[in-house]
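What follows is a single structure, written as structure tokens, with notes after it.
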Amino acid sequence: MSIIVSADNALLDISLIHRFLDEESTWARGIPFATLEKAIRNSLCFGAYEDGAQVGFARVVTDGATYGYLCDVFTLLSHRGKGISRLLIDAVLAHPDIAGLRRFNLATSTAPGLYAKFGWKPLSAPHIHLERYFPDIYTKSSARG
């Protein structure tokens, strides 16, 4: 297995990413294609490729200097168990726009053990963190006007 990880958005298979997030993820079901395109355009993205075909993805929302938020990390089901998520996270953390961040957050319900190996831990001061969260925003019944 030869996996290559790249931060070149031109290589991303946005249709594959959309299909996974829309149909298989627990966090972005129903995401409109145009919303995903905009998110990718405005983020630092990483694709994992085997023989030129995309098999994994990670996205970082960041200012490139002080803060980042890791999201949308996945490996296709057919390629899990091969260390691809670790390769993606290694590439993210090695990127020069990420290396000096003061705070780097993520939210996960599926892989806390993976992220702990890279130094993520529960919030040190959860009482100061607030959120506006609309988990069903992509469904018509919860669309906000």
Side-chain angles (χ1 to χ4, degrees), residues 1-126 128-139 142-143:
M1 172 186 75
S2 177
I3 302 294
I4 295 169
V5 176
S6 173
D8 183 352
N9 279 13
L11 299 176
L12 295 173
D13 182 341
I14 298 175
S15 293
L16 175 130
I17 297 165
H18 180 258
R19 185 198 53 74
F20 183 91
L21 293 177
D22 181 38
E23 298 174 11
E24 296 184 42
S25 77
T26 58
W27 63 91
R29 288 194 185 246
I31 188 169
F33 192 85
T35 300
L36 176 63
E37 283 183 310
K38 185 175 183 180
I40 287 172
R41 203 170 40 251
N42 292 304
S43 300
L44 177 59
C45 299
F46 298 81
Y49 307 91
E50 182 176 45
D51 299 326
Q54 187 163 356
V55 297
F57 179 72
R59 184 168 71 87
V60 180
V61 180
T62 184
D63 60 12
T66 64
Y67 178 78
Y69 179 76
L70 179 64
C71 55
D72 295 339
V73 179
F74 70 84
T75 299
L76 295 179
L77 183 60
S78 60
H79 286 74
R80 291 188 186 159
K82 299 179 180 181
I84 295 170
S85 292
R86 286 179 187 238
L87 290 173
L88 278 165
I89 303 306
D90 279 336
V92 166
L93 294 176
H95 193 281
D97 287 349
I98 303 302
L101 297 180
R102 180 172 183 260
R103 186 176 306 251
F104 196 11
N105 292 97
L106 67 85
T108 183
S109 62
T110 58
L114 168 69
Y115 299 111
K117 293 175 185 175
F118 290 94
W120 273 279
K121 53 189 173 188
L123 294 171
S124 59
I128 67 169
H129 292 267
L130 304 174
E131 70 177 351
R132 289 187 59 198
Y133 180 49
F134 306 98
D136 299 321
I137 195 151
Y138 304 133
T139 62
S142 68

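Basis for what follows: all heavy atoms, side chains included, without hydrogens, waters or symmetry-related copies. Residue indices begin at 1 and follow the sequence shown.
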Problem set entry | Listed partners of Thr26 passing side-chain contact (heavy atoms from CB on, under 4.5 Å), at least two apart | Ser109, Thr110
Exercise. Distance-only, no hydrogens or angles: does the Arg29 side chain make a donor-acceptor pair with backbone N or O of Asp22 under 3.5 Å?
Worked result: no
Going by atom type alone, with no hydrogens or angles, which donor-acceptor pairs under 3.5 Å involve a side-chain atom of residues 33-40 and a protein atom two or more places apart or on another chain?
none

Throw together a table of side-chain donor-acceptor distances under 3.5 angstrom for residues 53-69, partners on residues two or more places apart or in other chains.
residue : atom : partner : partner atom : Å
Gln54   : OE1  : Asp13   : N            : 2.7
Gln54   : NE2  : Gly56   : O            : 3.0
Arg59   : NE   : Asp72   : OD2          : 2.9
Arg59   : NH1  : Ser43   : OG           : 2.9
Arg59   : NH2  : Asp72   : OD2          : 3.1
Thr62   : OG1  : Gly64   : N            : 2.8
Thr62   : OG1  : Tyr67   : O            : 2.6
Asp63   : OD1  : Ala65   : N            : 2.8
Asp63   : OD1  : Thr66   : N            : 2.8
Asp63   : OD1  : Tyr67   : N            : 3.1
Asp63   : OD2  : Thr66   : OG1          : 2.6
Tyr67   : OH   : Asn105  : OD1          : 3.4

Problem set entry | Nearest heavy atoms of Ala48 and Ile3, plus distance in Å | CB-CG2, 4.1 Å
Exercise. Got a sec, which pairs hit ring-ring contact (aromatic ring centres under 6.0 Å, His included) with one end in residues 36-56, sequence neighbours left out?
Worked result: Phe46-His95
For this session: Please name all residues satisfying ring pair (Phe, Tyr, Trp, His ring centres under 6.0 Å) with Trp120, sequence neighbours left out, ordered by chain then number.
Result: Phe104, Tyr115
Problem set entry | Spatial distance of atom CG (Leu21) from atom CD1 (Ile14) [nearest 0.5 Å] | 11.5 Å
For this session: Count the heavy atoms of every other residue, nucleotide or ligand shown that sit under 6.0 Å from CG of Leu114, and state whether that count exceeds 12.
Result: yes
Seminar exercise, completed: Residues passing the side-chain contact (heavy atoms from CB on, under 4.5 Å) test with Pro112, sequence neighbours excluded, are Thr108
Problem set entry | Side-chain touch Asp90/Phe118, heavy atoms, less than 4.5 angstrom | yes
For this session: Could you point out which residue of Lys82, Arg80, Arg86 forms a side-chain contact (heavy atoms from CB on, under 4.5 Å) with Ile84?
Result: Lys82
Exercise. Taking atom OG1 of Thr75 and atom CG of Leu88, what is their separation to the nearest 0.5 Å?
Worked result: 6.0 Å
Exercise. What heavy-atom pair brings Tyr138 and Ala28 nearest, and what distance separates the two atoms?
Worked result: CD1-O, 4.0 Å
Exercise. Do Leu76 and Leu16 touch side chain to side chain, with heavy atoms closer than 4.5 Å?
Worked result: yes
For this session: Would you mind reporting whether Leu123 and Ile128 have side-chain heavy atoms less than 4.5 Å apart?
Result: no
